[in-house]
Amino acid sequence: MNTRWDLIRMEKMTWMDFAQKTDSFIILPVGSMEQHGPHLPLNVDSVIAENFSFRLAEELDAVVAPTLKYGYKSKPLSGGGPLFPGTIDLSGLTLQTNIMELIDEFYKDGFRKIFILNAHFENEAFIVEALDIASSKYGDDLLLITSNWWDPLPQETIDAVFDQIPFPGWALEHAAVTETSLMMYFAPDLVHEERMVDTKGAIPCCYIKYPIEKDAIPGTGVLATAYSSSAEKGEILSDAVLKRLIDILTPYCS
């Protein structure tokens, strides 16, 4: 039996079905394999990127390519860096090259509109570099758009979600309220609420030092508290982001 999103998932399509969708956007979710504290799984960023992509594709009749589930190195104070088992990193060049080659393949197959949805803070620069190089290659014949899931959020949504604790900033919002709430909404079976700790969180730092000191962030790997997270807040975040992304992409769908 088909699941809700099987008709828009590239890996579930036949080559003939895929070939008939080239007038649509193809959406590439990009995540990471990174520690997210004791209460969330290693694939948080990929789950979030996929779920936003599926919902967006459903609205726009687009295609969702298989998720890139490995990302660039997390910085110590925005993910923990190499301090935790299970954080598996690519070099920036590898990530950039992977995205560039996927763009080439999508183009060869006939797609002329590509949207990359990122859910890992450190991936952004390498995604943008890949798009810049691809745009120089294909020019006006290829539309390339990218966004981090959090960038379209209006301030009123952030204020509504952080109604009980202060917003710590996106660099420290790791395994905290937004990601935990989105996971409670998108994949509640992967959230271990009983392991959630009301950690003090990390102290913002204006520099990066190597070798990385093991006590640079809390031992839990949580950079800011997840206190007050809920599936209801996850739905608020999801709805707000999707509305803005639909507004961004819809003018190019005709």
Side-chain angles (χ1 to χ4, degrees), residues 2-32 43 45-71 95-121 123-154 182 185-186 235 237-254:
N2 285 346
T3 63
R4 174 181 171 187
W5 290 309
D6 278 358
L7 295 178
I8 57 178
R9 295 176 65 173
M10 178 180 170
E11 69 263 39
K12 297 283 187 175
M13 295 178 174
T14 67
W15 71 265
M16 293 170 285
D17 295 332
F18 185 63
Q20 291 176 356
K21 299 290 290 184
T22 55
D23 288 339
S24 307
F25 268 98
I26 186 165
I27 301 173
L28 176 64
V30 184
S32 73
N43 68 342
D45 294 340
S46 298
V47 170
I48 291 174
E50 284 179 351
N51 273 271
F52 275 124
S53 295
F54 290 148
R55 286 165 169 79
L56 184 60
E58 197 172 39
E59 293 291 332
L60 302 180
D61 192 28
V63 175
V64 180
T67 303
L68 278 179
K69 295 190 175 184
Y70 296 96
L95 177 62
Q96 176 185 315
T97 301
N98 200 338
I99 292 170
M100 288 167 55
E101 292 185 355
L102 287 172
I103 290 171
D104 287 340
E105 291 299 304
F106 297 151
Y107 185 88
K108 287 178 187 176
D109 280 345
F111 285 90
R112 296 297 180 265
K113 295 179 289 190
I114 301 172
F115 177 59
I116 298 180
L117 182 59
N118 179 46
H120 177 57
F121 190 78
N123 286 343
E124 181 179 20
F126 303 100
I127 294 173
V128 171
E129 181 69 6
L131 267 58
D132 185 68
I133 293 170
S135 185
S136 296
K137 180 177 182 179
Y138 295 111
D140 293 340
D141 199 35
L142 180 61
L143 175 66
L144 296 162
I145 302 176
T146 186
S147 179
N148 302 315
W149 72 257
W150 54 88
D151 283 340
L153 274 174
L182 284 169
Y185 180 54
F186 289 152
E235 185 174 11
L237 289 163
S238 176
D239 290 348
V241 171
L242 282 171
K243 182 180 184 302
R244 297 292 285 270
L245 291 177
I246 290 168
D247 289 344
I248 291 167
L249 298 184
T250 296
Y252 306 105
C253 289
S254 56

Q: Check the pair I145 / I114 against side chain to side chain contact (heavy atoms under 4.5 Å, CB included), numbers first and verdict last.
A: CA-CA 6 Å; I145 302 176; I114 301 172; over 6 Å; no
Exercise: identify the closest heavy-atom pair between [X] and [Y]:
X: S53; Y: L117; result: OG-CD2, 3.5 Å
X: P152; Y: L245; result: CG-CD2, 3.8 Å
X: P29; Y: V64; result: CG-CG1, 3.8 Å
X: I103; Y: A130; result: CD1-O, 4.5 Å
X: K21; Y: V63; result: CB-CG2, 3.4 Å
X: L60; Y: C253; result: CD2-SG, 4.1 Å

Q: Evaluate the side chain to side chain contact (heavy atoms under 4.5 Å, CB included) criterion for residues H120 and V30: first the C-alpha distance (whole Å), next the side-chain angles of each, then the deciding distance (0.1 Å), finally the verdict.
A: CA-CA 7 Å; H120 177 57; V30 184; over 6 Å; no
Q. So do L144 and L142 actually touch side chain to side chain, heavy atoms under 4.5 Å?
A.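 Side-chain contact under 4.5 Å: yes.
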Q) Less than 4.5 Å apart, any side-chain heavy atom of I248 and any of F115? A)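 Of all side-chain heavy-atom pairs linking F115 with I248, none is under 4.5 Å.
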(Q) If you apply the rule side chain to side chain contact (heavy atoms under 4.5 Å, CB included), what do you find for R55 with W5, and how did you get there? (A) CA-CA 9 Å; R55 286 165 169 79; W5 290 309; 3.4 Å; yes
Roughly how far, to the nearest 0.5 Å, is [atom2] of [Y] from [atom1] of [X]?
X: N148; Y: N118; atom1: CG; atom2: CG; value: 4.5 Å
X: D104; Y: L102; atom1: CG; atom2: CG; value: 9.0 Å
X: M13; Y: D6; atom1: CE; atom2: CG; value: 10.0 Å
X: L95; Y: E129; atom1: CG; atom2: CD; value: 11.5 Å
X: L242; Y: E235; atom1: CG; atom2: CD; value: 11.0 Å
X: I246; Y: L56; atom1: CD1; atom2: CG; value: 6.0 Å

Q. Would a distance-only check, ignoring hydrogens and angles, find a side-chain to backbone donor-acceptor pair under 3.5 Å from S24 to D61?
A. yes
Q: Indicate yes or no for a side-chain donor-acceptor contact from K113 to the backbone of Y252 under 3.5 Å, with no hydrogens or angles considered.
A: yes
Q: For a side-chain contact (heavy atoms from CB on, under 4.5 Å) with L28, tell me which candidate from I127, L68, T67 qualifies.
A: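 It is L68, the one option of I127, L68, T67 that forms the side-chain contact (heavy atoms from CB on, under 4.5 Å) with L28.
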(Q) Under the criterion side-chain hydrogen bond (donor to acceptor under 3.5 Å, both in side chains), I'd like the reasoning laid out for S46 against N43: C-alpha separation, chi angles, the key distance, then a yes or no. (A) CA-CA 5 Å; S46 298; N43 68 342; over 6 Å; no
Look at [X] together with [Y] and state whether they make a salt bridge at an N to O cut-off of under 4.0 Å.
X: D17; Y: K12; result: no
X: D247; Y: K243; result: yes
X: D45; Y: K69; result: no

Q) Quick one: are the ring centres of F25 and F111 less than 6.0 Å apart? A)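 No; F111 has its ring centre 6.0 Å or more from that of F25.
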Q: Give a yes or no on whether the ring-centroid distance for F106 and F18 is below 6.0 angstrom.
A: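 Judged by ring-centre distance (under 6.0 Å), F106 and F18 do not meet the cut-off.
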Q: Would you check, one step at a time, whether the test side chain to side chain contact (heavy atoms under 4.5 Å, CB included) holds for I133 with Q96?
A: CA-CA 10 Å; I133 293 170; Q96 176 185 315; 3.5 Å; yes
Q. Hey, mind stepping through D141 and Y107 against side-chain hydrogen bond (donor to acceptor under 3.5 Å, both in side chains) and telling me if it holds?
A. CA-CA 10 Å; D141 199 35; Y107 185 88; 2.2 Å; yes
Q) Considering residues at least two apart in sequence or located in another chain, which fulfil the ring-ring contact (aromatic ring centres under 6.0 Å, His included) criterion with Y185? A)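 So Y185 forms no ring-ring contact (aromatic ring centres under 6.0 Å, His included) with any residue.
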(Q) For a side-chain hydrogen bond (donor to acceptor under 3.5 Å, both in side chains) check, start with the C-alpha distance between D132 and S135, then their side-chain angles and the critical distance, and finish with the verdict. (A) CA-CA 5 Å; D132 185 68; S135 185; over 6 Å; no
Q. Counting only heavy atoms not in F54, do more than 12 sit closer than 6.0 Å to its CZ atom?
A. yes
Q: Kindly assign one of parallel, tilted or perpendicular to the pair F52 and F186, based on the angle between their ring planes and the thresholds 30° and 60°.
A: perpendicular
